[in-house]
2 protein chains.
Amino acid sequence: MKYIEKLRKSGLRPTKQRLQICEVLFDTEKTFHFTINDLVNKIQKQLNNKISLATVYNTVHAFEKKGYLKQIPINSNQTYFDTNISDHHHFYDLKEEKLIDLENSDVGPINILKKIEGKKIKSIEVLVKLED
Amino acid sequence: MKYIEKLRKSGLRPTKQRLQICEVLFDTEKTFHFTINDLVNKIQKQLNNKISLATVYNTVHAFEKKGYLKQIPINSNQTYFDTNISDHHHFYDLKEEKLIDLENSDVGPINILKKIEGKKIKSIEVLVKLED
DNA sequence: AATCTACTTTATAACCATTCTAAATAAGTG
DNA sequence: CACTTATTTAGAATGGTTATAAAGTAGATT
């Protein structure tokens with residue numbers, strides 16, 4: 001399994017649950033956005049197999065900390081994650097409540113002119129809200 | 001009271017509670033960011049007066065819907081609001097967990113090249129995360 | 001000014017995503 | 001295999017937010 005090494009390198013034991021979650025998250029042609037609830041459903045449907053909710057939370061947070069997932073800053077009652085960890089942005093369709101990727105190349109270069117003493121920029125995230 | 005007209009125009013009855021919340025939110029030299037909890041505390045301290053939590057939620061949402069407040073898209077367990085309703089952006093200091101305004105003029109013009117059929121852009125919000 | 005109606009406030013309960021807990025299980029190591 | 005430490009798990013706890021339904025208030029009408 002290709003994920004065993006990946007996990008070991010990050011200091012995460014390659015458990016059955018983590019490997020299964022890797023499959024669901026990363027064995028896809030396209031990247032995607034999801035909530036924890038989405039993921040739990042996807043696991044059940046795709047693997048016909050239940051992983052404890054707490055484990056899904058733990059794993060997603062562990063993966064995020066290791067940089068395998070990104071959290072998407074958006075106001076919602078649920079937290080959205082993205083398997084696309086490249087430097088990119090999002091459209092948010094307010095009506096459909098759906099996120100759409102916006103590649104870096106689709107947004108001109110962003111130049112932050114203001115500086116904050118003693119702080120450096122970790123990330124720049126653009127959210128473009130869409131209406132009809 | 002200057003807020004009576006403002007509220008009436010929006011179709012909101014100028015109740016005692018709403019007027020008091022207006023004072024706390026808008027009778028300030030500078031705009032500011034707050035959570036509902038922040039606002040409840042501010043009301044108690046500033047007006048020495050308790051407004052029911054449900055009313056604070058209702059009022060903030062009503063004001064947001066009318067465009068007197070903006071919600072700040074950020075991943076947090078609490079929702080952040082902004083009394084600065086001008087077109088602007090935010091720094092988020094990850095260590096201090098504090099928001100800092102980033103005026104539109106401090107961010108170069110943002111040009112979204114990708115178009116989504118049948119949708120138009122309602123807003124563009126930039127979140128710049130800061131680390132030490 | 002009394003009356004009426006729709007809106008608003010309120011305390012409290014309900015909701016629900018997320019986190020915590022502590023016991024059982026599994027992984028890695030010698 | 002034995003041992004240590006990490007992980008999984010079900011269920012409880014937490015906490016921000018929303019729903020409920022009863023009491024109160026604003027504004028219009030008479």
Side-chain angles (χ1 to χ4, degrees), chain A residues 1 3-25 33-44 47 49-66 68-69 71-81 97 99, chain B residues 1 3-25 33-44 47 49-66 68-69 71-81 97 99:
Chain A
M1 272 279 247
Y3 298 115
I4 294 180
E5 263 312 294
K6 182 177 174 173
L7 291 173
R8 278 228 181 80
K9 271 190 212 154
S10 313
L12 296 172
R13 288 186 181 171
T15 63
K16 181 161 63 77
Q17 291 84 347
R18 283 176 180 160
L19 291 168
Q20 288 182 333
I21 292 174
C22 276
E23 268 186 62
V24 173
L25 291 177
H33 309 121
F34 66 93
T35 63
I36 295 291
N37 190 51
D38 292 339
L39 183 53
V40 167
N41 292 336
K42 223 172 155 72
I43 289 164
Q44 294 210 353
L47 304 175
N49 179 354
K50 193 182 169 301
I51 296 179
S52 158
L53 184 61
T55 300
V56 177
Y57 272 99
N58 288 340
T59 303
V60 165
H61 286 142
F63 285 5
E64 195 217 346
K65 195 171 285 176
K66 296 300 179 183
Y68 303 146
L69 291 172
Q71 222 176 310
I72 303 172
I74 189 176
N75 280 117
S76 167
N77 55 331
Q78 289 173 89
T79 304
Y80 277 84
F81 294 90
E97 295 189 357
L99 285 158
Chain B
M1 270 281 249
Y3 298 115
I4 293 180
E5 263 314 292
K6 181 178 175 173
L7 291 173
R8 278 228 183 80
K9 269 190 214 153
S10 315
L12 297 173
R13 288 187 180 168
T15 63
K16 183 161 61 80
Q17 292 84 348
R18 283 175 180 160
L19 290 169
Q20 288 182 333
I21 291 174
C22 277
E23 270 187 62
V24 174
L25 291 178
H33 309 120
F34 65 93
T35 63
I36 296 291
N37 190 51
D38 291 341
L39 182 54
V40 168
N41 291 336
K42 224 171 154 73
I43 289 165
Q44 294 211 351
L47 304 175
N49 180 354
K50 194 181 168 300
I51 296 179
S52 158
L53 183 60
T55 300
V56 177
Y57 272 98
N58 289 340
T59 304
V60 166
H61 286 142
F63 285 6
E64 195 217 348
K65 195 170 285 178
K66 296 300 179 182
Y68 303 147
L69 291 172
Q71 221 176 309
I72 303 171
I74 187 175
N75 281 117
S76 166
N77 54 330
Q78 289 174 88
T79 304
Y80 277 84
F81 295 89
E97 295 188 357
L99 285 158

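Naming: A, B, ... by sequence-line order, numbering from 1 per chain.
- Side-chain N/O atoms of B:His61 include none lying less than 4.0 angstrom from OP1 or OP2 on D:dT17.
- Put simply, the side chain of A:Ser10 never gets that close to the backbone of A:Leu12: no donor and acceptor are under 3.5 Å apart.
- Between C:dT18 and A:Tyr57, a contact under 4.0 Å exists linking OP1 or OP2 to a side-chain N or O.
- A close approach under 4.0 Å does occur between a side-chain nitrogen or oxygen of B:Thr15 and OP1 or OP2 of C:dT9.
- Within the structure, every side-chain polar atom (N or O) of B:Thr79 is placed at least 4.0 Å from both OP1 and OP2 of D:dG16.
- Donor-acceptor pairing under 3.5 Å is recorded for the side chains of B:Asn49 and B:Gln20.
- OP1 or OP2 of C:dG28 sits under 4.0 Å from a side-chain N or O of A:Arg8.
- A:Ile36 has its side chain out of reach of A:Thr79: every pair of non-hydrogen atoms, C-beta onward, lies at least 4.5 Å apart.
- Taking atom CZ of residue B:Phe81 and atom P of nucleotide D:dT17, one finds them 7 Å apart after rounding to whole Å.
- For the pair A:Gln17 and C:dT25, the criterion of a side-chain N or O lying under 4.0 Å from OP1 or OP2 is not met.
- A residue-by-residue look at B:Lys50 and B:Leu12 shows that B:Leu12 has its nearest nucleotide of DNA chain C further toward the 5' end.
- Nearest nucleotide to the A:Thr55 side chain, out of D:dT9, D:dT17, C:dT8: D:dT9.
- Checking C:dC20, D:dT8, C:dT9 against every side-chain atom of A:Ala54, the shortest atom distance belongs to C:dC20.
- Residue whose closest nucleotide on DNA chain C sits further toward the 5' end, between A:Tyr80 and B:Thr59: B:Thr59.
- Counting any heavy atom pair closer than 4.0 Å across all strands shown, A:Leu53 reaches a base atom.
- B:Leu7 has its CG atom 13 Å from the C1' atom of C:dT8, to the nearest Å.
- For the pair A:Arg18 and B:Arg13, both in contact range of DNA chain D, the more 5′-proximal nearest nucleotide belongs to A:Arg18.
- Side-chain contact between B:Leu7 and B:Phe63 is present, with at least one heavy-atom pair separated by less than 4.5 Å.
- A donor and an acceptor atom, one from each side chain of B:Asp38 and B:Thr35, are located under 3.5 Å apart.
- Taking atom CD1 of B:Ile4 as the reference point, atom P of C:dT8 lies 15 Å away to the nearest angstrom.
- Rounded to whole angstrom, the span from the CD atom of A:Glu5 across to the C1' atom of C:dG28 amounts to 14 Å.
- Between the CD atom of B:Gln78 and the P atom of D:dT14 there is a distance of 17 Å, rounded to whole Å.
- We find that CG of B:Leu19 is positioned 14 Å from C1' of C:dT9, with the value rounded to whole Å.
- Between the CD atom in A:Glu23 and the OH atom in A:Tyr3 there is a gap of 7.5 Å [rounded to 0.5 Å].
- Residue contacts for A:Asn58: at a heavy-atom cut-off of 4.0 Å it reaches a base atom on one of the strands shown.
- Atom CG in B:Asn77 sits about 11 Å away from atom C1' in C:dA17, given to the nearest Å.
- Straight-line distance from the CG atom of B:Asn49 to the P atom of C:dT9: 13 Å, rounded to whole Å.
- The phosphate of C:dT8 (OP1 or OP2) has no side-chain N or O of B:Lys16 nearer than 4.0 angstrom.
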